[in-house]
Each structure stands twice: as structure tokens, then as C-alpha cells.
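For reference, the structure discussed in these notes is given below.
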Amino acid sequence: GDPIRTIDLFTRPQAAQPQEFQSVQLIAQEWRKLGLDVNVRVMPWEQMADIVWYQRDKWDVTAWQMVGRPERSDPDEIVYNLFHSSTAEKGYNFIGYSNPEFDAVAEAQRVEIDEAKRKQLVYKAQEILAADQPNMMLVHPKSTFAYDKTVWKPDSVVNQSGIGIRNTWTFMSLEPLGDQRDIIVNSGDNVQAVNPLYISGGVDSWVTELLYDRLARVGPDGLPKPWAAESYEWKDDKTIEVKLRAGMTWHDGKPVTVEDVKFSFDAVVSGEAPMYKPFATNVAGIDIVDDRTLVFHLNNPAASFVTSSLAKINLIPKHVWEPVLEDLKTKEENAESYQEDTPIGSGPFRFERWLTNEEIVLSANKDHFNAPKADRWILRIVPNVEAALGMLRSGEINFIGEFSGDPQVLIDAAEADGDLNVVSTVDIGFRYLAFNERRAPFNDAAFRRALSAAVDRRLIVKAAFKGFAEASNSVVSPALEFWHDAAVVENFKAGQDVAKKILEDAGYTLEGDRLHYPGDQKEEYAQ
Amino acid sequence: MSETVIARPALVSRLFGALRLPINDPFAVAGLVIYAVFVLTAIFADQIAPYDPTEILYTEEFDLAADLRPGEQGFVLGTTSLGRDIFSQIVHGSRSALLIGVTAAFMVALIGSIVGLVSGYFGGWIDALLMRLADIAFGIPFLPFVIVLAAFLEPSIWNVVFAMALVLWRDTGRVIRSQVLTLRSRGYVEAARVAGSSNLKIITRHIAPNILPLSFLYGSIAIGWAILTEASISFLGFGDPSQISWGYMLQDAFASQALAKQAYYWFVPPGICIILVVSAGFFITRGYENILFPKLGR
Amino acid sequence: MLLSVRDLEVGYKVGRRIIHAVDGASFDVPRGAIVGLVGESGCGKTTVARALTRVIADNALITGGQMVFDGRDIAALPEREMNRLRWRDIAFIPQSAMNSLDPVYTVEYQLNEVLRRRGGLSARQARMRSEELFEMVGIEPGRLRDFPHQFSGGMRQRVAIALALALNPKLIIADEPVTALDVIVQRQILDQLRELQSQLGISVILVTHDISVVAYVCDRVVVMYAGRVAEAGPMAATITRPAHPYTIGLRNAFPDLQGAADGMLVPIEGAPPSLVEPPPGCRFAPRCPFALERCRLEVPETHVLADGHSAACHRSGEADMLRAEGSKTQTWLSA
Amino acid sequence: MFQLKAAVGRILQLGLVLWAVVTILFLMFRLMPGNPMAAYIDPTFTEEQQLALMAQFGLDKPLWEQYFIYLANLVQGELGQSFRYREPVAERILALLPNTLILTFTSLIIAYVFGVLAGAYLAWRRGSAVEQAAIPVVLTTRAMPEFWLGMVLLAIFSFWLGWFPAGGTRSAGTDHGNLLGLYTSADFLSHLALPALTLAIYSQGLPLLLMRSNMLDVMKEDFVTMARIKGLSNWTVVVRHAARNALLPVMTSFAIAVGYQLQGNVVVESVFSWPGLGRELVNAVSASDYPLAQGAFLMIAIVVILMNLIADLLYALLDPRVTHV
Amino acid sequence: MTTAGKHRHEVFVSARDAQLHFRAGGALAAMRGKSRLIKAVDGVSFDICRGESVGLLGESGCGKTSMGRMLLKLEEATGGAVTFDGADLNTLRGEALRAFRTRAQLIFQNPFDAVNPRFTIRATLAEPLENAGVPPAEREQRIIAALELVRLPNPAEFLDRHPHQLSGGQLQRVVMARALILQPDFVVADEPVSMLDVSVRAGVLNVFRDVRDRLNLTAIYISHDLALVRYVCERTIVMYLGRIMEDGPTEDIVREPLHPYTRALVAAVPVPHPDQDHAPLPIGRGAPDPLNPPSGCVFRDRCPKAHARCAAEIPVPRQVGTRRVACHLYDEAGAAAPGKTA
Ligand SMILES: Nc1ncnc2c1ncn2[C@@H]1O[C@H](COP(=O)(O)OP(=O)(O)OP(=O)(O)O)[C@@H](O)[C@H]1O
Ligand SMILES: Nc1ncnc2c1ncn2[C@@H]1O[C@H](COP(=O)(O)OP(=O)(O)OP(=O)(O)O)[C@@H](O)[C@H]1O
Ligand SMILES: NC(=[NH2+])NCCC[C@H](N)C(=O)O
Ligand SMILES: [Mg+2]
Ligand SMILES: [Mg+2]
């Protein structure tokens, strides 16, 4: 057939994503050995997203990332949204993967409330994906954080499975050892908004999780547990009863009521909070039973409901938001553009002050049922990693909330310093290369398998992630021990010869140095 | 042709004469020498550099050859965190520097000179138009402009050149225009008009040679600007990683925390190269400092 | 004598060469007289004038001679002493008043500066004196607050004169004070200068290249050529009965509005000699129609012709013949 | 009267330049291929949601209409809504501008005070060994990439010596009441020190070299010679006459330098985590937040243009020879 | 109209109410109506006959240079008409303009400025020849001829020299040679000797007179030095603030100036004689301000004889004897004939 065109491979800039960038360089180097012409194109995420999401037939391969959010502790979101054919046209399945067999498994696991059975379905899904290689899974990175152990009692640090030590649990439980009672955390990114109805930047969620309570929270073990709800109970596979914790108050002193809870879920689907809407669309209705009890009726059975809805929707005070939402209904803007001067939640921390692009100060809510031991939680915006490390050592910050640099540097620094503790945790999230299945040759599973096999993941782990990652062949992280199918990773064979063999078997030919399509297949996408 | 009986001095020395290069000044000579060294390095980069600057290298044990100190495993200046040879990058960086520097200088000098010549010589509405354009160009903050361009276009070292060509002719243009204004009323220019010379002839024969040193001067300042700008753009992450430049190297070093790793061998050499090349330009122009700092300091 | 200059030598260092701009010049300035210093461009007039203030170019050096001013040799005076002398005793009027006035200060400020810092006057006294000075030079005192650029060329020159007069100096050195001006303004300034000088009894050295100007205002004249004094004497005598061929030639080359309408102007062919390596003998010899072999070899001495009139020419004894021959056009064309 | 009219004319001209810059900016951002909001629309959004979002930012209208709306809003001081922060651009910019200005002015004032003094000194000591050594050093400071210098200073003075904090405008969680309280606090000043020093080191070269060469020129002027002939003291001659005149262009270059510095800040703000306009611009550009990027760019352009005007006015003010603007 | 020409009375160059106004302040100021008008030449009329040489006299800034440049079409007249050999300069374009450029030439004031320092003398002189399409082979010979014409000794020696290697007098002759090399009919000399040393001036002036006679040039000689004008020109036009004050035979003007301004001008010229008139000038102090000229007669604010009428009415030039005078003193023709007002 024709020679295969030059493959465009997208990555974000090195400055923003050094590991991704390095991985792509390595991969490109390996692929070239197969006889492919690879062109690495570097662009900021926003530009990349524009093409990948909205010009779905215009790209070949892109490096991509799924970040580890607590609600992703349930495999449903990843398994279904990313690969179900129904989301191929508009939704998250931007790679255009379509496999009826997989669709069936993905649909089945959603509604299966029996955990053991569901586990089998999730395993099956992982196996299908491993065989099809719609994505080239690279690694589950390890999130590496550090804190000053002379300031915070090491025992009081909570390492949340798949998330790491920078989590709400830690911030609530950190126990000061001396006079410094403020948790000072860094972030490289600016805070975009502090808004319970808007899913904005990643950093923003650190703040909202502390300010707002949810009915449930994903616990340190990765499983949801009751939070603002004293308890919840499945009445049947479409009904769940929730009992609100007694004595909770909003930061302005007013009591938290079941009305507020119902309002919070209604607000999300009101059309004023498009980002949150998907997390509550399955709710058909909420009945208030008494002043502590509510019943949620679902449209469809949903195994992940507690994790992705109860543990996701922020509880907001009706007396604050009702007039706001009323007002917004008449306007072009929605609630996502609305920024309260002083956000009012019921969470373990209260909002104090926000200095644009510099810091956010929260103070401990001593009235909370799980009141923090620290006095304040201060987020500092430090775009320069080097400076963040310097600040940690000088005490300007005492908790590394984000470290985009080389983790080894952090470990070395901790060693040199003696006052620092560094903790690495395998992430729920993962890095991968997405193949555009809409376009030849990526519509050929064999070709994808070959490309995937061409790169030994250990190389990526070692060279790009400096060892701070776990090689992966599954979208379900080993951090989610219960769901993770270790076999698909173990059975994955990689190496140039493996790749070449697959290609050969599939009929691809090497003419000169250049890989050609099998048979008389024509190149359709050459520019 | 009886006019050409006497031998003319060689073209090169005539050009140097025309540019009034201050070759007596020791600094200027130092500057020229630095330029010469870098130009040679750039030309013979492939021969000098032991590796491809973007190639990911492995050690003898087939580990990634990352973060090696100078001398280790035979890497003269060590390797980067991504396993590239620093020395080869430095050598190849001179190419980008030269390419960016020289083209930017050329564009700035060329466009600025043409604008200045046309505006100053013809005056009237042409002048008014061009000077209004210059005002607008003066209103455009340069670095932000480059950043925006770099974000819009594919990352490439040419963005800097392009932006400089779009914006930075203004300085050269204005200064040359005012120079042309005084030249235009010089007796010999007037004399050429009385003698029936065409505008083109007057501009090329009588005026342009006089502003050549100024163009050259602004050109050499532009070299510095271009290299520094490219470095800043790279630092901010809008650079082109496939084209190794010193600015990119610095960015790479800082992003990879060379500072914390105390990898001085990594971030010092490109810094020094930039400083050397940029100051070489300044050293040369120092000879012209009166032209360099006319009454308004831009 | 207020000032006696003897064998003054001033050189400029340019690279490794020395320009002997003034090379043994001698002349006198009597008290209360206006002495014209004339000569071709580059003959060293300004150099002499500046040497008298001892504020000379960075690369200049006074290498010899005396300048006895009021009994003291300026050339040998320590800098502190000299500085005390400046402006109080010796004032200066430069050629271009525009450039000599500081553009960022009002003229009042500049007068004050001299009056108070150098003259020790109080603010009140200084103001009164400023007004007085402005009236003296014929400018409305109301304009004291103006900046230099707000004055016309002639007025600026008057301001410069007022500045020079501020401390009642004994000697004013005026370096081509009217060259840049129009005939009418020039005449007015010269009238003014003459009037003030005679009123105040000041001595003036007036540097110019225009014999007419000298003839109009000067009492004495010193003619310089290539760094040396060619001829010096009372104005009338020197102009009507020049004894040095250069002066004679200069006279011929000058148009005369009162002269015959068809009178021919006669140039002195050639150009002044290089001051780096001046010719060994008389410096005018290469252009002199009367030059003898001796003139090219021997430096002529200064011969006194009459009371206060002297010329540095080997043939000054034959002055009458020189004048007669020199007035003929033919003499100069054949040179 | 004449002055006033001329000033009005100058301002009109300024408006024209500003309009041109605004237009260039608008076109630059709008003529980009692709949906400007792509990065902000989640693929899970329904069609209506996406359209609603576009409508919210006025992106559903034809380009020319957007342009006129943009202009009309600008005239009212409306810079639009940031895509990323979903808040009025003007608000964000106003929150950051003071930080940027204070950094700019502090560093430039340091640079100019030092540069002018050192420049005058070097002119006075012309040809001496000090001068011979100083000039290349000064030229070298201008050749250093600012971020490089900043990182090196950061490493030395903050990481190694621990004399200064590594970033931000104040210690975590401190509250100084109002802006004045903040800007006069020792805490703020210690945070300001390193970034200001970095910029100052880079900027001092211009006033220094400018002052020096002006001094050398002015020293050759007749009025300086005259001041000597007047027997004025050396101090009076050098300071009152030479330096005073040499200072004029340096002063006006200050205004222009403010404009230039403002753009150079971008890099230093990133190094020292300084919450300023430059960093915001870079963020906005890389996040395709066009309204914000446009606003920040425009704000910098306005300051640049304004500073050019001030330079002109300053010159007219300081130099009595210039009678009209 | 009489002109005291000894040559054919054929009008060669003429100005009719010619004006040259400059806007000070640039294009933008003009757009705002803010510019101020400098009337460098403001309504002058005269005729110059073929072969005549006319001196243009007046103090600095009165518009002499502007007038000369206008006559050479280096500036376009902003009003009135200037004709050259019957052709209106304002409408001269293309080929006719080129022809004009070979026929009318300018001799510059400052020889050091008038030749390109980068050019050799040969290149300087070759430029007009090139433009006129003279074949290269002929050029050398014509260059030599031109230099001989201006009496530069050993012309061949100078050809490869650069201007700085020549003395001022030599250079001024080169400038003159360049003006004459195309054998023009009309030459404007703008203060050609004012930058030269006294001792060499005379030589250049003599060459000028000589060449003018030999080539039968029509010449305009601009100067503020009456003595020089007298040496070169038989007729003199006296200007003040862009207007003609007096116009007539030079000798008559020197002997008996009529206009009060001319009178002051003549009286102000110093002469190289010890005994000369030291009487104060019959003229007020102050300088003419081209931006704010007085109403009526532009000279009235300095004129000792100014009366009410001078402020009200612009005097028109009238024939008074051999001359034309623009002064209200001579309003009734002949009332103040020469001699009566002296
Ligand atoms: N600073 C200087 N360095 C070198 N040479 C100088 C300097 N100043 C003057 N000269 C030279 O010294 C000589 C005398 O110059 P000076 O200025 O005294 O002449 P002048 O008689 O005043 O001439 P002019 O009439 O042109 O003013 C000239 O040859 C001049 O070129
Ligand atoms: N290009 C110009 N733009 C504006 N004003 C001008 C221009 N050229 C001349 N002027 C003005 O016109 C007036 C006449 O100038 P012009 O040069 O003709 O005078 P001039 O008699 O030749 O003077 P000078 O004797 O000083 O050479 C002056 O006020 C001058 O400032
Ligand atoms: N840097 C980013 N903005 N990354 C976004 C990752 C987007 C992806 N949809 C996720 O939620 O995981
Ligand atoms: Mg002199
Ligand atoms: Mg003139």
C-alpha cells in the first residue's frame, strides 16, 4: 500500500508538562524505529483541546492525561465516559472508540450494584481495552508531596489512596507541633474561582472541598463514606435514603437544613451550573421526609451514585443562593460567573481573604463536626517550582501542595534538609497517548497494538518520570486495588521486535526505511 | 570608462569603511572577535558537536544518560535531565542565536532604514502616514506582542524575528528619519537635485551611505534584543523545543530544577553565551555611543 | 600696559602629533584700549584668547611664554589664584552667545550666579545690579526672567556683554562677538561695546577676522598669521601704513564700500601652512610675493617701525616699497 | 491657550494610536482559527449550553458587531469577562496593576538614581581605569536575560543566604490593612527587594550610559566652558550646569523606561511569584483567555502610550527651549 | 519699467507677486489649524534680463535664500508666478524640468557642505554630466574644462582627491565648476564666499565675475554684505521680511539709498578705514520677527520715519528715478525725488 503519512503527535510544552513532553520525545524516537515519520507538535493544552475535542477528525495521536479526582475512585466515569460509543460524537470519547462488546460491558457495570459481579465486569472491560489498545496507556504517575515535619506531626498526615497526602483529610487532621499553626500550601496555578457551582481549575477544588461539605466524602481508602450525611441507605437500586447530620451550621451561623440539601441538588440541575449538571441528572426527584431525612429517587440504577453525586455535589445555603440564582435566570451569565465576596459553606474551613494571584486564606471552622486542628489554611500561588522548594525549606510554606518539578529533587532536598518529609502515592489518574480511531491507520487495532508495544513502559517510568510512576496498561489505577486488573498489565509484552512482529503479521511492510500500509490500502489523510 | 581607471579598494574594506567600524577600539575588536567565534561555531556546529542536541542519550548501561556531571561518561559539559548533551546544545544554540540575531537585525535595520529614508526624504503625507504607523508601533508593548504571536503561531524561533520585524522598525525608522531630515537639507543633496539627479539616485548615492552606520548600529542592538527576547519567550514556555537555542536551554534547565540540583554546568554556559553575544554587539556599538544615545534614550 | 603677552606658545595634542597653534606670540594691551586681534581662520586667535583665561581645551597645553596681567604672570599663577582672577578681572564674550548661555536657566539666574557667587553680592544687590546691567546694554530689565532662547541673536549677544560687565573687569576678551550677526545688529553691538568701554575705562581684546570691524572700533590692532604675530600697532597707522606683506595683502583682498566702484579685489593665493610642521622661516613666505631666500630659512624678528608699531618681517625696512608694490594687483597674481 | 490646544491635539493623536492598537489587538485575537472558547467548553455540554456560553461572551454575533460592541464597552471602561475566571477583566487588572506599578517604579527609581549618579561619575572620571572597567560591566548587565539574573539572585540571596523571601508580595497570611499599610511594611519591602533588584540591575544601564554620554556632550558645550571661564567652582560647573543639562533627556527616558519595563516585568514576575499584570497576561495568553489577554495587553499598551506622552510633556516642562508640546 | 542692464533688454527670469510661505509646525499642526505661517517671500515682483547680474541684499532671514530656491524650483512658489525664459516654473514637469535643471544652477554658500564628502572631485563633477546623459568618454574632458574655467591650477591633480583634501577656496571653485559644467544660462549664487577666509574670497569673487562675463550668464548673487554685492552686481534688490524694499543700480543705492531701510543698511557697513562715520544708525533696535510681521509696511516698527499710513497700508513699489522703492515716503511720484530726501 501507500507509505504511511507523517504522523502528528501532540504534546503540551515542556515548561508545562516536562514528563509528558519527555515521554513523547521518547515515544517518537521509538516509533521512528518502526519506519514511521513522526512529527512532534507542541502546543498549550487549550489549543490542543480545541483540536482534539472539537475537530475530532483532524488529528492523529495526542498525549493526554486524566487527573486523579476523588470521585474517580469509582471506575465508572473512566470506563464508561471515555470509551462508550455514545460519547464518541460529542462526549469524552474523543478518540472515537467504538466496540459493541465493550459498550455492553460498560453499560452492565454501571447498573450492577453487586460489587463482586461488578468487579468481574470491570475486569472484562480492562481486558477488552488491553486487547484493542484504543489508547496507549503509559503510566499512573506518583503524586509526590512534602511537608515540614517539624511543623506538622507526621502521624496526622493522611495518605489518601490514589490521591496522595495533599487532601482534605490531611488538612483537617494536621496537628501543629509548635507555634506555627497555619498550613501554608503552594500551588503553581492561579485560583480561578471559589464557586460551589463551578468546576474550574484543579486548585480551586482544594479550596471548595474545604469550604463546602458534601453528603459523602471519598475516604482515605478510596471508598465513599458518610459525611454531612450521618448515614445513607439504598432502599432499592433506584432509591437511596439519606440522613443529615444534626447540628451543622453555615459559616454565617444559620443552621444547615434538609431544604438546603435539596436546594443544592436542584441548583445543580437548574441550568445555571452546566459543569455540575451531569453529576445530578440521574436524580429524578428528592423527597424531604423529615427535617433530618431525604430520599433520592434515581432515573436509572447507578452503582457510582454515592461517589459521583453524593460525594461530589457541594452543599450550599439556600438563603444565599436562591436570590442569586433567581437573578441569574434573567441574565446571560450563569452561576459559573458568579463570585461571592465571601463564600459561605458549612465545611471545616471558613473563607477569610483572597488576594488575586497571590494567596487565599481560610480559617478553621471550630464549630465543625470535624474541626481542623490547625488555625488557618493558606494557599500561596508560586508559579516557580524552584521557588516553591526554596520556600518550603525556608518555612515560607510548610506543605507542598503541588510539585511540578523533578520528585527526586524534592527527596534529595528533604534528605539534605532533614526537616522535610516526602510522600509519593500512585495516582488514580494516568497519562496516555490517545489514538484517533477515526483515521487510518489508527482504526486498525493491530497497528495500535504495535505502536503501543514499541515502547517499553519502564523506559517511560524511568526516563520521563524518574521512577515516580507505575507502568500502566489499564485505565483503572492500581491505587484502586479492588477494581484494578493486574493481569492486563503483567501480560503486556513490549519491545521493538514485538511491535515489528505485530505489524508484519498485520501486513504492514517496510520499504526502505518507511512503513507502508498493508495490501493496497491508500493513504487518505495525507496533507 | 575613464572614471574607473584608478583601482578601487577591495569591497570588504570599503564596506567596513562605510560602516565606520570603530576598529581602533579594543572593545569593538573584542566584540568582533566574539562574533567571529560564534559565527564559526554556528557554521561548523555539526562538526563540533559530538551529538545531535535533541537526541535522547543512553549510558553504557543503557540507562538514560540524564543529569550527568561534566566529564562523566565523556560528556564535556554533562547532560540534561532529559539525557541530552549540554555541550552539543550549546554548540547548536549558536545557530539559533545567529539565525535569530542576524535575521532580526537585518529585518529591523532594513525595514527601519527604508521607512526612515522614505519618510524623511519624501516628507509630506508619506511621512505623516509612516510616522503615525511608527506611533502605533510604539504603542505596542513588544514582549507581550511576541508572547501573543508565539501563542498564536506554532512555536518557532521565527516568531521573535517576525515580531521584531513587525514592531521594532519603529526605533530605527525614527532615528534614521531624523537623520535623513538633516541630510536632506545638506548642501550636496540639494546640489544633486540641482544637478538633475533623480530621487532614487539621491537616496541611494548621497543619503543611504550616510545612514549605513546607523542602520548597522541599530542592527547590532537588534541582535541583542532578539536573542534576549527569544530567551524570555522560551523561558515563558512559548519556545520551540525542536530548535535548540540558549534561551530554550535555560528554560529547560530551570524547568528541570537545575538550580536545586546545583547543575551549574547546565544553566551557566548558555547564560554566558547569551551575555557574550549580546554584549559583543554592545561592545561594537560602544564605538558609536554618540549615535547610540541620541538625545532621547531609546 | 594692562597685559603683556610674551612668546606665548600653546599646542594641541592630537594623537601623537602636536599642533603648534600659537608659537611665540607677543603683544601688549594698554589700559583702556580696544585691541583688535585679526587674522585668517585657524591662525590661533581663539587659542590666544582662551589661553588668557587659562580655560583651554582638554588636549591643549600652554608650553611657554608669559602673560603678564596687571603685574602678575597669568601663565604661572596657581589655579586657585587664577580662578580668583577670572571674571572679576578678566571677562569673556564668546562668539555665539546662544551656546554660551545655559539654556535651562533664566538670564537672571545666570547673572545672579556670577554676581553672587563670584561678586559676593547679596540677593538684593544682585537684582539691582542685574537691572542696571540690562539697562546699560539696552534691554528692558523686565526680560531678566526670560530664558536665553527667548531672545534674538543680537539681544543674546547683549546679554553676554552684560554678563561680562557684571563684575567690572579690567579686561574683556571678546572672541568674534559679532561675526555671526547681521551688519545692522553688528553695528549696534559694536557701538555699544565701544560706548561702555570708554565709559568704564575697560580694556578689550576684540578677536575678529574683519579689518573693517577693527577699523571701526579698535585703538590698536594685532595681526596674527599661523600662530605668530605678524604685525601690531595703533589701528590707524597699521591699516593705512601696513608694514607686513600679509597685512598689505589682506588690505587688498577687502572690499571697500567707499572705494572706487571698479576697484579690483586681490586675493592672497595659497593657504596657511600646516601647524604640525610649520615651515622653518617666515610662515608667510610661501605665499609672499616679496619673499627672499632668507625669508624661507630664518624666522624674522620683530622690528619696531614707529612708536608702538612693529612688524615681524625681514623686509620691514623696505616697508614703503612693499606698500607701493603691494597695492598693485600684478604683484599678487604672479606669486 | 496655544499650549492647551496643542495638548488637546496631542491627546487626540494619542486616542488615534490607542484606537489603532485596540483594533490590531481585537483582530489579532479574533482572527485566530478555531473557536475562541474551545478550551472552556466541556464536551459534555449540550448544544444549548455551548451556545449559551458563547452568547454570554457575545461570541455568537458577527465579527464586526463584536468589534463595535467591544469598542463601545471599552469607551465605558468595560473590558469584558474573562473566559477563565468568569469575572470582569477590568476588576482583575485593577487588582494586579498596583503590584506591577510599584515593582516597576521602585526598580526604575533605584536604577535611575544609581544610573544617573554613576553615569555622571564615570563621565567625570572619563578615561580612568575605573571607567574602563565599569563600562563593560554595565554593558554586560544589559546583556543578561532578566530571568536568568533573577534566578541567580534568588538562589544566592534567598535559598543560600536566606536574606530575602523567595516570592510573593508578603508573608503568608499577613494582613496590613490597606494598600498603604502594605506598601510601607517591612514585610512587603523585604519581598520587593529581590525582584526590584533584578529589574534595577537590568535597567540601570540605560540611565547610566545615557547620563554618561550626555555629560560628555554637555561638558563640551560652550556654556560649560563659559562657566569655567566665569571662575565658578568645579561643583557648580559640573553639577549645576553640566549635570543639570545632561539630566534632561535622562528624565524623559525615565517615562519611556516605565513603559518598557512594564513589559519586561512579565518574566521577573514569573520568577518571583509576583502577582502582577505581566504574569496574568502570560497566563491568559497560554490559556486562550482572550478577553483577559486583550485587556492586560491593552492596559500595558495604555501605560506605554501614556508614558510616551508623559515623556514628551516632561521634556517640554523640563527644557525651557521646548515651548509647545 | 527700466532695468539698468547693459545687455539686451530681454526679460529672462521674472517674478510676479511671487510668494513662498512656510508652515511651521508640521503636517499635524496644519491639520489642527495650529501652524503658523512664515512668509519667507511675500509678494515680490521683478524682471531680470538676459545677461544681467543682480544682487539680492538683506539681513539674515529676510528671504533671500528662499527667493533663490524658488527661482530654481527647489521650492514651489505658494503664490504668484515665477517664469524662466517664458516658462512658468510651477507647471514645469518631466522633460522640461530636466532641461531646466541643466540650464539653471545654484552655487552654494558653504563649499564644505555642498559636496559629498564620500565622493571624489571627479565623481562630484560627473554627477550632472551623468544626469544630462553625457557619454562617459566625454566626461573627463569636460570636467577638466570646467575646472580650468574656474581657474583651478592643474585640474587633473584634483580629480581623485576627496573634498577634505582641498582648501576652502579650491573647493568653492569645484562647486562653481559643478554649477557651470553643463553650461547653464542662469546661476544663483547664495553667499558663495561667506564661509571663506578673507584672503581667498577675492580670488573666488574674481573667478565668478570673470566666468559670468565670459559665459554671458544671467546671475543672482545673494549676500548680506553690500560691499560684496557691489563688487559683483550692477543691480541690487534689497529685501526686508520677504518683501522688496528697493531695487535699482547698485552704485546708485550705495551712493544714495532711498528707502530708510537701505539707508540704515548702507550706513551699517563698516569700511576698512580708520576714519569712518560713527554716527548712530538711523534705525530702531530689535529684530524682524517673521512670525509676527507688523501690519502695513513690514519695516515700520524700526523705521525712524514711520507715520500713520505705514501701519495702515502696505507700500507698493514705485519708480523713483532709476529705482523702484516700496515706501510711503515716495508715494507722490517724484515728490521725493533723489536728493531731496537724502
Ligand atoms: N581642541 C583642539 N584640538 C586640536 N586642534 C585645535 C583645537 N582647537 C583648535 N585647534 C587648531 O588650532 C589652530 C588654531 O585654532 P584657533 O581656534 O585658535 O583659530 P582661530 O584663529 O580662532 O580661527 P577661527 O577664525 O576659525 O576661529 C587651528 O589650526 C585649529 O585647527
Ligand atoms: N523650509 C523652511 N521651513 C520653514 N521656514 C523656513 C524654511 N526655509 C526658510 N524659512 C524661514 O523663512 C525665512 C526666510 O529664510 P531665508 O533662508 O530665505 O532667509 P535668508 O535671507 O536667506 O537668511 P540668511 O541670510 O540667514 O541666509 C526665515 O524666517 C526662515 O526661518
Ligand atoms: N491540565 C489540564 N487542564 N488537564 C485537564 C485534563 C482534562 C481531563 N478531561 C481530566 O479531567 O482529567
Ligand atoms: Mg576662533
Ligand atoms: Mg540664506
Side-chain angles (χ1 to χ4, degrees), chain A residues 13 16 44-47 49-51 53-55 81 87 90-92 94 182 184 186 189-193 195 198-201 271 274-275 277-278 331-334 336-339 352-353 355-359 361 376 378-384 386-391 393-394 396-397, chain D residues 33-50 52-53 55-58 81-82 84-88 91-92 95-96 99 150-151 154-155 158-159 162 165-173 175 269-276 279-280 282-283 285-289:
Chain A
W45 184 78
E46 284 77 5
Q47 279 180 31
D50 185 28
I51 304 179
W53 276 346
Y54 302 107
Q55 302 168 43
N81 285 347
T87 67
K90 287 249 170 63
Y92 269 112
F94 53 82
D182 294 340
I184 310 174
N186 74 302
D189 253 347
N190 293 333
V191 173
Q192 293 174 32
N195 185 336
Y198 179 28
I199 302 179
S200 41
M275 295 279 221
K277 192 172 182 174
K331 293 196 179 142
E332 213 138 65
E333 288 97 70
N334 57 35
E336 294 182 348
S337 309
Y338 183 79
Q339 178 62 54
E352 288 291 334
R353 191 164 65 240
L355 297 169
T356 310
N357 293 2
E358 180 159 25
E359 69 174 14
V361 181
R376 295 195 292 178
I378 300 169
L379 176 73
R380 300 279 286 177
I381 314 297
V382 184
N384 179 347
E386 200 79 59
L389 179 56
M391 288 173 157
R393 301 186 62 176
S394 69
E396 284 173 76
I397 58 175
Chain D
N35 179 348
M37 285 217 62
Y40 299 94
I41 299 175
D42 199 273
T44 56
F45 285 11
T46 62
E47 198 91 12
E48 302 87 78
Q49 276 176 330
Q50 297 194 12
L53 204 60
Q56 181 187 336
F57 292 94
Q81 276 235 332
S82 153
R84 185 158 125 99
Y85 299 104
R86 301 288 162 90
E87 83 176 304
E91 236 166 70
R92 272 199 94 73
L96 298 170
N99 289 332
M151 289 300 266
L154 191 63
S158 182
F159 303 161
T169 66
R170 58 183 105 190
S171 303
D175 188 2
E269 285 175 358
S270 299
V271 172
F272 292 99
S273 312
W274 192 263
R279 217 175 90 197
E280 188 75 313
V282 173
N283 282 337
V285 166
S286 44
S288 312
D289 188 346

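Order of the sequence lines sets the chain letters (A, B, ...), proteins ahead of strands, with each chain counted from 1.
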Okay, D/Arg279 and chain A: the region with an atom under 4.5 Å from a heavy atom over there is side chain
Contact class of D/Thr169 relative to chain A, heavy atoms under 4.5 angstrom: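 Contact with chain A involves both backbone and side-chain atoms of D/Thr169.
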What part of [X] gets within 4.5 angstrom of chain D, counting heavy atoms only: side chain, backbone, both, or neither?
X	answer
A/Val361	side chain
A/Lys277	side chain
A/Ile381	both
A/Leu355	side chain
A/Phe94	neither
A/Glu386	both
A/Arg393	neither

Nearest heavy atoms of [X] and [Y], plus distance in Å:
X	Y	answer
D/Val271	A/Asn384	O-ND2, 2.9 Å
D/Tyr85	A/Val191	CE2-O, 3.5 Å
D/Gly173	A/Glu359	N-OE1, 3.0 Å

Of all residues at least two apart in sequence or in a different chain, which pass the ring pair (Phe, Tyr, Trp, His ring centres under 6.0 Å) check with A/Tyr338?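 Residues passing ring pair (Phe, Tyr, Trp, His ring centres under 6.0 Å) with A/Tyr338: A/Trp321.
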Reported CD-to-OG distance for the pair A/Glu396 and D/Ser158, which is rounded to 0.5 angstrom: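 Reported value, rounded in 0.5 Å steps: 5.5 Å.
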Nearest-0.5 Å distance, OG of residue D/Ser273 to CZ of residue A/Arg380: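 Result: 8.0 Å between the selected atoms.
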Quick one: side-chain contact (heavy atoms from CB on, under 4.5 Å) partners of D/Ala95, sequence neighbours excluded?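 Here the qualifying residues are A/Thr356.
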Which one wins on heavy-atom pair count under 4.5 Å against chain A: [options]?
options	answer
D/Glu280, D/Gln81, D/Glu87	D/Glu280
D/Ser270, D/Pro88, D/Gly276	D/Ser270
D/Pro165, D/Ala172, D/Gly162	D/Ala172

Is the backbone N or O of A/Ala193 less than 3.5 Å from a side-chain atom of D/Arg86, with the two atoms forming a donor-acceptor pair by type?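 Checked: no pair found.
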Among [options], single out the residue with the greatest number of heavy-atom pairs under 4.5 Å to chain D.
options	result
A/Pro13, A/Ser337, A/Ala387, A/Ser394	A/Ser337
A/Lys331, A/Glu352, A/Gln339, A/Arg353	A/Arg353
A/Thr87, A/Ile184, A/Asn190, A/Val382	A/Asn190

